[in-house]
Amino acid sequence: HFVLSLRYNSTKLGGVFVRGIGIALIVVGIIGCLMGMMMFGDIGIACLVGSIGCILSGCGFLSVHKQIQKLWSNKNNAA
């Protein structure tokens with residue numbers, strides 16, 4: 001776990017990728033939710049379930065990014 005955080009914060013580019021993936025997942029989830037509302041029957045329900053999962057995954061990526069940044073800044077301030 002500690003090695004992962006060191007690798008994550010060794011370059012600022014890693015943080016950009018995590019944030020970018022999170023935002024992209026949320027955007028795709030919102031588009032999927034809109035498309036799912038236009039579909040009929042069980043296909044629409046499946047699309048809505050997938051889009052909600054995509055939105056939640058994007059929120060998880062953004063949350064992890066924020067927590068790792070906070071952890072890293074606390075470590076740098078303590079040293």
Side-chain angles (χ1 to χ4, degrees):
H1 178 67
F2 181 70
V3 174
L4 177 65
S5 67
L6 282 178
R7 287 184 186 166
Y8 175 83
N9 287 304
S10 62
T11 64
K12 293 187 179 187
L13 194 59
V16 173
F17 284 138
V18 172
R19 181 179 282 171
I21 289 170
I23 292 172
L25 281 169
I26 291 173
V27 169
V28 169
I30 291 172
I31 292 171
C33 191
L34 294 174
M35 294 294 190
M37 289 182 190
M38 291 190 278
M39 296 180 187
F40 296 106
D42 58 347
I43 300 299
I45 294 171
C47 186
L48 287 172
V49 168
S51 67
I52 290 170
C54 195
I55 291 170
L56 291 175
S57 296
C59 291
F61 267 89
L62 292 178
S63 174
V64 165
H65 171 72
K66 187 184 296 184
Q67 289 175 1
I68 289 177
Q69 289 295 331
K70 188 187 302 182
L71 177 71
W72 190 254
S73 67
N74 287 343
K75 182 180 178 196
N76 286 338
N77 289 339

- Message: Restricting to side-chain contact (heavy atoms from CB on, under 4.5 Å), what partner residues turn up for L25, sequence neighbours left out?
- Response: I21, C54, S57, F61
- Task: For I52, check side-chain contact (heavy atoms from CB on, under 4.5 Å) against everything at least two apart and list the hits.
- Result: L56
- Do you reckon V28 sits in the same ILVMFWY cluster as I23, going by side-chain contacts under 4.5 Å, direct or chained? no
- Do you reckon I31 sits in the same ILVMFWY cluster as L62, going by side-chain contacts under 4.5 Å, direct or chained? yes
Identify all side-chain donor-acceptor contacts of residues 39-51 below 3.5 Å with residues at least two apart in sequence or on another chain.
| from | atom 1 | to | atom 2 | distance (Å) |
| --- | --- | --- | --- | --- |
| S51 | OG | C47 | O | 3.3 |
| S51 | OG | L48 | O | 2.9 |

- Message: To check you understand the geometry: which heavy-atom pair defines the closest contact between H65 and V18, and what is its length?
- Response: CB-CG1, 3.8 Å
